[in-house]
Amino acid sequence: MRIDVVTIFPDYLAPLDLSLIGKARRDGLVDLAVHDLRDVTTDRHRTVDDTPAGGGAGMVMRADVWGEALDPLLAVGGVLAIPAPAGEPLTQATLDSLATGDGPLVVACGRYEGIDARVAEHYRGRDDVRVLEYSLGDYVLNGGEVAALALVEGVVRLLPGVVGNPDSLAEESHAGDGTLEYPVYTRPTEWRGLEIPPVLTSGDHGAAAAWRRERSLERTAARRPDLLDALDAGALTKADRRTLARLGRVVPDGAPSPVPVTVRDAGPDDAEALAALAAATFALACPPGTAEEDIAAFVAEHLTAERMAAHIASPTAILQVAEVGTGRAEDGTGTGAGSVRGAADGATARPELAGYTLTHLPGSADAVPYADDVAAVVIARPAAELSKIYIARAYLGSGLGRLLLDSAVAATATSEVDGEPVRALWLGTNARNRRARKAYERAGFVVVGPRRFRVGDQVHDDVVMVRDLT
Ligand code: SAM
């Protein structure tokens with residue numbers, strides 16, 4: 001690959017003789033030349049700049065001088081890279097494209113107030129030249145040389161043969177799916193009281209890989225949440241989805257990427273939307289074969305807006321909602337999955353209720369759970385009931401269930417009844433719904449016994465599960 005750097009400070013680029021880049025040059029893997037811009041000047045003072053047109057502080061680098069320097073270097077076309085704080089952020093994807101591109105890469109290092117804008121405009125007009133105005137970050141340096149060093153090093157290390165083990169290029173921040181790398185460690189295993197996480201020294205490679213992936217997603221969520229918004233949903237594993245849900249991101253059915261989700265206490269304004277969500281999702285929770293009229297009767301009696309409003313107002317109910325999207329709607333219409341995708345695009349900022357949980361606190365610390373079969377197996381007091389966990393259809397399997405469950409557990413664990421902390425959270429779930437049972441088990445619930453639950457004439461066999469909160 002051919003690279004040319006043009007600058008008024010050629011000595012600044014001396015580090016390109018060092019380390020892996022220097023070795024790549026000596027090995028002939030890259031043909032790199034540094035040029036002094038002043039060599040093309042013809043006046044006695046070797047002038048490269050002049051005062052800004054329109055006035056203002058500082059000096060601007062002249063287009064005619066840059067044209068003289070760049071024309072021969074771009075005679076066969078190529079890429080003209082111009083460092084500029086006003087340029088597009090330099091990314092790994094850009095470096096990848098430069099490392100695999102044809103033609104020379106020419107870097108034009110500005111100084112002062114930068115290079116006359118007509119230089120970029122002129123070369124952009126040529127079919128055989130790609131102009132890349134790129135920024136190292138949202139700050140200002142004195143000149144483009146540091147940015148040239150960064151670009152050249154970033155591109156050259158991607159050329160075949162430069163980095164000894166190509167695997168190390170794949171397992172890095174911004175490589176692959178674009179997430180940040182997990183934290184790395186080496187010997188000694190204990191240093192200043194700090195230990196290497198034991199999973200990494202356990203010899204269990206599967207567990208180590210899972211640990212790394214989780215840390216990578218956690219780090220990305222904490223430091224660069226914008227990168228999570230660009231993840232390819234199709235490439236996310238179930239474990240990824242669970243981790244992302246814990247980090248406040250879910251993948252709606254059919255959506256290209258994860259979207260932010262928040263869990264909050266329901267307010268009076270949520271009653272209507274909650275009733276609609278409950279009516280739409282209740283059937284999903286019923287065992288196959290449940291009569292439609294039984295479902296309708298149950299919805300009409302128990303899942304109305306009035307009921308929801310009563311729960312929201314009740315001091316013994318904890319009603320939490322999962323809200324997907326970024327802000328309150330102007331008109332409040334439309335709650336389909338389409339609006340979620342719109343929110344992810346930034347096209348509409350309309351939040352949508354994607355699920356909810358309803359937990360009942362007991363009326364007194366020693367209150368016995370209302371059904372005999374439950375009271376027989378739920379021993380701890382005070383004991384709260386996780387009465388409902390509903391997830392909208394588009395969010396089934398998205399990881400939202402776990403997020404809501406963890407939130408309900410956390411809210412209950414910090415609640416008190418008659419001044420006593422709640423010690424257990426119990427729920428009943430269909431005995432044959434193994435998926436639900438598994439999900440509850442992963443959130444720390446254990447099966448303690450059977451229970452019968454009635455919808456209309458039909459009696460369902462449930463199991464009672466308990467989460468210890470002590
Ligand atoms: N007046 C310019 C502006 O406000 O956008 C800043 C000029 S800066 C002082 C001089 C030169 O430093 C720029 O032409 C560019 O080559 C380089 N430079 C400064 N900050 C940079 C950054 N964040 N990324 C890339 N290059 C930068």
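Side chains are part of it too, since the values below use all heavy atoms of this structure and drop only hydrogens, waters and symmetry mates.
- The side-chain contact (heavy atoms from CB on, under 4.5 Å) test applied to Val184 returns Glu181, Tyr182, not counting sequence neighbours.
- The heavy-atom pair separating Ser216 from Leu180 by the smallest distance is OG-O, 2.7 Å.
- Note that CD of Gln92 and CG of Leu90 are 8.5 Å apart. Values are rounded to the nearest 0.5 Å.
- The salt bridge (charged side-chain N to carboxylate O under 4.0 Å, His left out) test applied to Arg25 returns Asp17, not counting sequence neighbours.
- For Thr100, the side-chain contact (heavy atoms from CB on, under 4.5 Å) test picks out no residue, with sequence neighbours left out.
- Under a cut-off of 6.0 angstrom, the local environment of CD in Glu172 is crowded, with over 12 non-hydrogen atoms contributed by other residues, nucleotides or ligands.
- No more than 12 heavy-atom neighbours from other residues, nucleotides or ligands sit within 6.0 angstrom of CZ on Arg393.
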Do Thr357 and Lys388 pass the side chain to side chain contact (heavy atoms under 4.5 Å, CB included) test, and can you show the C-alpha distance, the side-chain angles, and the key distance before you say yes or no?
-> CA-CA 5 Å; Thr357 56; Lys388 305 243 172 351; over 6 Å; no

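- Of all heavy-atom pairs spanning Val5 and Cys109, the tightest one is CG1-SG, 3.8 Å.
- Here Glu133 pairs with Arg124 in a salt bridge; the nearest charged N to carboxylate O distance falls below 4.0 Å.
- Atom CD1 of Ile312 sits about 5.5 Å away from atom CG of Leu274, to the nearest 0.5 Å.
- With a 6.0 Å radius and a threshold of 12 heavy atoms from other residues, nucleotides or ligands, Asn142 has its CG atom at or below the threshold.
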Could you go through residues 145-156 and list every donor-acceptor pair under 3.5 Å that involves a side-chain atom there, pairing it with any protein atom two or more places apart or in another chain?
residue	atom	partner	partner atom	Å
Glu145	OE1	Arg111	NE	3.1
Glu145	OE1	Arg111	NH2	2.8
Glu145	OE2	Thr7	OG1	2.7

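- Taking Phe282 as the reference, Phe298 meet the ring-ring contact (aromatic ring centres under 6.0 Å, His included) condition, with sequence neighbours excluded.
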Could you give me the CA-CA distance, side-chain angles and deciding distance for Arg46 and Asp39, then say whether side chain to side chain contact (heavy atoms under 4.5 Å, CB included) is met?
-> CA-CA 8 Å; Arg46 308 182 82 204; Asp39 287 350; 2.8 Å; yes

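- Using a 4.5 Å heavy-atom threshold, the side chains of Val199 and Asp204 count as separate.
- A search for side-chain contact (heavy atoms from CB on, under 4.5 Å) contacts involving Ala221 returns Leu228, Leu247, not counting sequence neighbours.
- Here CG of Leu159 is found 12.0 Å from CG of Asp27. Values are rounded to the nearest 0.5 Å.
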Table please: side-chain donor-acceptor pairs of residues 403-412 below 3.5 Å, with sequence neighbours left out.
residue	atom	partner	partner atom	Å
Asp406	OD1	Arg402	NE	3.0
Asp406	OD2	Arg402	NE	3.1
Thr412	OG1	Ala408	O	2.7

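- When the shell of 6.0 Å around CG of Asp102 is examined, it contains 12 or fewer heavy atoms from other residues, nucleotides or ligands.
- Put simply, the side chain of Val107 does not reach to within 4.5 Å of the side chain of Val6, judged on heavy atoms.
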Please step through side-chain hydrogen bond (donor to acceptor under 3.5 Å, both in side chains) for the pair Asp177 and Thr179, ending with a clear verdict.
-> CA-CA 6 Å; Asp177 68 358; Thr179 49; 2.8 Å; yes

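- Few gaps surround CD on Glu441; more than 12 heavy atoms of other groups in view lie less than 6.0 Å from it.
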Residues Asn433, Tyr440; criterion side-chain hydrogen bond (donor to acceptor under 3.5 Å, both in side chains); working and verdict = CA-CA 11 Å; Asn433 189 343; Tyr440 292 129; over 6 Å; no

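- Relative to the ring axis of Trp211, Arg213 does not place its NZ or CZ within 45° and under 6.0 Å from the centre.
- Side-chain contact check for Val447 versus Arg437: some heavy-atom pair is nearer than 4.5 Å.
- Thr41 places no side-chain N or O within 3.5 Å of a backbone atom of Asp43 that could act as its donor or acceptor partner.
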Let me see the working for Arg264 and Val321 under side chain to side chain contact (heavy atoms under 4.5 Å, CB included), right down to the final yes or no.
-> CA-CA 6 Å; Arg264 60 169 174 79; Val321 294; 3.6 Å; yes

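- Distance check: Leu227 CG to Thr220 OG1 gives 6.5 Å after rounding to the nearest 0.5 Å.
- No more than 12 heavy atoms of other residues, nucleotides or ligands lie within 6.0 Å of CG in Asp138, so this atom counts as exposed by the packing criterion.
- Tyr390 meets the ring-ring contact (aromatic ring centres under 6.0 Å, His included) test with Tyr356; sequence neighbours excluded.
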Check against salt bridge (Lys or Arg N to Asp or Glu O under 4.0 Å), Asp240 and Arg242 | CA-CA 5 Å; Asp240 287 342; Arg242 278 200 291 273; over 6 Å; no

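- In summary, Arg224 and Asp226 engage in a salt bridge, as defined by a charged side-chain N under 4.0 Å from a carboxylate O.
- A distance of 7.5 Å separates CG of Asp229 from OG of Ser257, quoted to the nearest 0.5 Å.
- Residues Leu70 and Ala108 come closest through the heavy atom pair CD2-CB, 4.5 Å.
- Partners of Asp468 under the salt bridge (charged side-chain N to carboxylate O under 4.0 Å, His left out) rule, at least two apart in sequence or in another chain, do not exist in this structure.
- Partners of Asp128 according to the salt bridge (charged side-chain N to carboxylate O under 4.0 Å, His left out) rule, which considers only residues two or more places apart in sequence or in another chain, are Arg126.
- Within the 4.5 Å cutoff, no side-chain heavy atoms of Val40 are placed close to those of Val48.
- Within the 3.5 Å criterion, the main-chain N or O of Gly193 finds a donor-acceptor partner in the side chain of Glu190.
- Residues Gly144 and Pro83 approach most closely at O-CG, 3.7 Å, considering heavy atoms.
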Please report the C-alpha distance between Leu74 and Leu80 in whole Å, then the side-chain angles of each, then the deciding distance to 0.1 Å, and finally whether the side chain to side chain contact (heavy atoms under 4.5 Å, CB included) criterion is met.
-> CA-CA 8 Å; Leu74 290 166; Leu80 172 59; 4.1 Å; yes

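- With sequence neighbours excluded, the residues satisfying salt bridge (charged side-chain N to carboxylate O under 4.0 Å, His left out) with Arg118 are Asp116.
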Run the numbers on Glu214 and Arg246 for salt bridge (Lys or Arg N to Asp or Glu O under 4.0 Å), then give the verdict.
-> CA-CA 11 Å; Glu214 254 189 88; Arg246 184 163 57 72; 2.9 Å; yes

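- Separating the CZ atom in Phe9 from the CG atom in Leu37 is a distance of 11.0 Å, to the nearest 0.5 Å.
- The two residues Ser398 and Tyr395 come nearest to each other via the heavy atoms OG-O, 2.6 Å.
- Minimum interatomic distance between Val250 and Ala245 (heavy atoms only, all atoms of both residues): CG1-CB, 4.3 Å.
- In this structure Ser173 satisfies the side-chain hydrogen bond (donor to acceptor under 3.5 Å, both in side chains) test with no other residue, sequence neighbours excluded.
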